[in-house]
Amino acid sequence: MAKKKEEVDPETLELINWCIEVEGFLVKGGATLEQAQEHIEEQVEWFTDQFYEGLTPEEAAKEALA
């Protein structure tokens with residue numbers, strides 16, 4: 001039996017891609033990839049708020065590193 005492919009709505013996909021960009025800026029700021037991923041996972045609500053407030057990935061990473 002074939003598995004049904006779970007579709008992600010466009011807004012969620014946009015948020016995921018935004019977080020991937022934030023991750024890159026966190027790494028540029030000195031975090032390891034693992035640390036960046038862990039931080040985003042632990043602070044997912046905060047990052048989601050930043051996304052909806054219109055911050056760029058770079059701005060959100062700067063705020064997170066401050």
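Given the structure is predicted, the values throughout are model-derived calculations rather than measurements.
- When the side chains of ILVMFWY residues are joined at heavy-atom separations under 4.5 Å, either directly or via intervening members, L26 and V44 end up in two distinct hydrophobic clusters.
- Counting all heavy atoms, side chain and backbone alike, A60 lies closest to W46 at O-CH2, 3.7 Å.
- Residues T56 and W18 share a closest heavy-atom pair of C-NE1, 3.7 Å.
- A 4.5 Å side-chain heavy-atom check between L15 and T12 finds every atom pair outside the cut-off.
- Summarising the geometry of T32 relative to Q35, their closest heavy-atom pair is N-OE1, 2.8 Å, with the distance given to 0.1 Å.
- E53 CD: more than 12 foreign heavy atoms inside a 6.0 Å radius.
- Distance check, rounded to the nearest 0.5 Å: CD1 of I16 to CD1 of I40 gives 12.0 Å.
- In this structure, CD in E23 is found 12.0 Å from CD in E38, a value given to the nearest 0.5 Å.
- Side-chain atoms of E14 and F51, non-hydrogen and from C-beta on, do get closer than 4.5 Å to each other.
- If you take SG on C19 and CD on E41, they are separated by 10.0 Å, rounding to the nearest 0.5 Å.
- Heavy-atom contacts from other residues, nucleotides or ligands closer than 6.0 Å to CD of E45 number 12 or fewer.
- Here the shortest heavy-atom pairing between A36 and A31 reads N-CB, 4.3 Å.
- Pairing each heavy atom of F47 with each of V22, the nearest pair is CE2-CG1, 3.6 Å.
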